[in-house]
Amino acid sequence: MADIEGADIERAGRDGRTPKRRVAVLISGGGSNLQALLDAAAAPDYPAEIALVVSNVAGVHGLDRAAKAGVPTVTLPHRDFDDRAAFEAAIAENLASNAIDLICLAGFMRILTADFVRAWEGRMLNIHPSLLPAFKGRDVQARALAAGVKISGCTVHLVTADLDDGPIVAQAAVPVAADDTVASLSARILAEEHRLYPRALAWLAAGALKVADGQVQLTGAVTSSERLQSPGI
Ligand code: GAR
């Protein structure tokens with residue numbers, strides 16, 4: 001995992017005058033996390049701008065959210081491509097032509113190949129609706145309920161070739177109620193996702209994340225109150 005060096009902090013500072021990091025958000029659905037990122041990026045001092053939204057599913061609400069915010073969108077239905085490599089080549093082409101610096105996976109339900117992931121190592125975040133490393137993969141909330149966990153939550157992590165396995169950037173916990181359903185637990189977790197993801201992207205975009213021995217460290221650019229809101233950092 002590449003370290004993100006001090007030069008990045010200078011290049012993408014938080015004063016609104018230094019260039020913002022150009023972010024592509026990859027989605028497959030409703031895009032409520034995309035909305036949280038769009039809302040955060042509307043602030044003049046946010047160190048990133050949402051420059052492109054890519055969906056592998058046509059007609060999803062996330063595409064409407066992007067259009068409403070004036071962000072260019074591209075729909076690349078994965079079934080239109082011969083194989084995963086061709087699908088990812090089309091994504092890569094759009095990322096290059098839009099001069100994208102960073103990627104946020106936000107409910108993007110396709111597994112990316114090791115080659116694609118390697119090309120974006122240290123520059124791609126994912127959000128997952130569990131406290132990783134518990135409950136990787138799909139049907140997360142149903143599996144958490146079936147396991148009888150009393151606390152669940154969400155995780156933002158840097159993406160590595162292993163599914164839902166990269167260095168953890170930030171986590172938020174929520175209680176699980178005895179009468180929770182998949183819908184009620186998902187909604188409680190989503191509210192935390194919307195709080196956590198913009199903060200984690202800001203850290204990455206501002207060059208405040210470093211990875212050492214597979215673990216994320218935050219640099220001095222992150223205030224102590226921000227640290228307190230992300231336990232463990
Ligand atoms: C979110 O809960 C996100 O964590 C999850 O899909 C939902 C997307 O919601 N992602 C995954 O499960 C990926 N493994 P959204 O489209 O409203 O942002």
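Just so you know, ligand 1 is whichever comes first in the structure, and atom 1 is the first atom listed for that ligand.
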### Task
For the residue pair Gln215 and Pro167, establish whether any side-chain heavy-atom pair is separated by less than 4.5 Å.
no
### Task
Consider ligand 1: state whether an atom of it lies below 4.0 angstrom from any non-hydrogen atom of Gly62.
no
#### Entry: Heavy-atom nearest neighbour of atom 9 (O) of ligand 1 within options Ile27, Leu37, Ile189, Asn33
Asn33
### Message
As an exercise, identify every atom of ligand 1 less than 4.0 angstrom from a heavy atom of Leu190.
### Response
1 (C), 2 (O)
### Query
Does a side-chain N-to-carboxylate-O contact under 4.0 Å join Glu121 and Arg118?
no
### Query
Closest non-hydrogen protein atom to atom 14 (N) of ligand 1, residue and atom name please, with distance?
His128 ND1, 3.3 Å
### Task
Ignoring hydrogens and angles, tell me if any N or O in the side chain of Arg143 forms a donor-acceptor pair with the backbone of Arg138 under 3.5 Å.
yes
### Query
So with a 6.0 Å cut-off around CG of Asp213, is the heavy-atom count from everything else above 12?
no
### Spatial distance of atom CZ (Arg65) from atom CG (Leu37) [nearest 0.5 Å]
11.0 Å
### Query
Does Ser184 use its side chain to pair, donor to acceptor, with the backbone of Asp180 at less than 3.5 Å?
no
### Structural part of Arg138 in contact with ligand 1, heavy atom criterion under 4.0 angstrom
neither
### Protein contact to atom 10 (N) of ligand 1 [nearest heavy atom, distance to 0.1 Å]
Ile127 O, 3.7 Å
### Task
From the options Ser32, Pro129, Ser130, Gly107, select the one whose nearest heavy atom is closest to atom 15 (P) of ligand 1.
Ser32
### Message
Can you confirm whether the side chains of Thr160 and Asp165 place a donor and an acceptor under 3.5 Å from each other?
### Response
no
### Message
Suppose we measure from atom 16 (O) of ligand 1 to each protein heavy atom; which comes out shortest, and what is that distance?
### Response
Gly31 N, 2.8 Å
### Query
Nearest protein heavy atom to atom 1 (C) of ligand 1, by residue and atom, and its distance?
Glu193 OE1, 3.2 Å
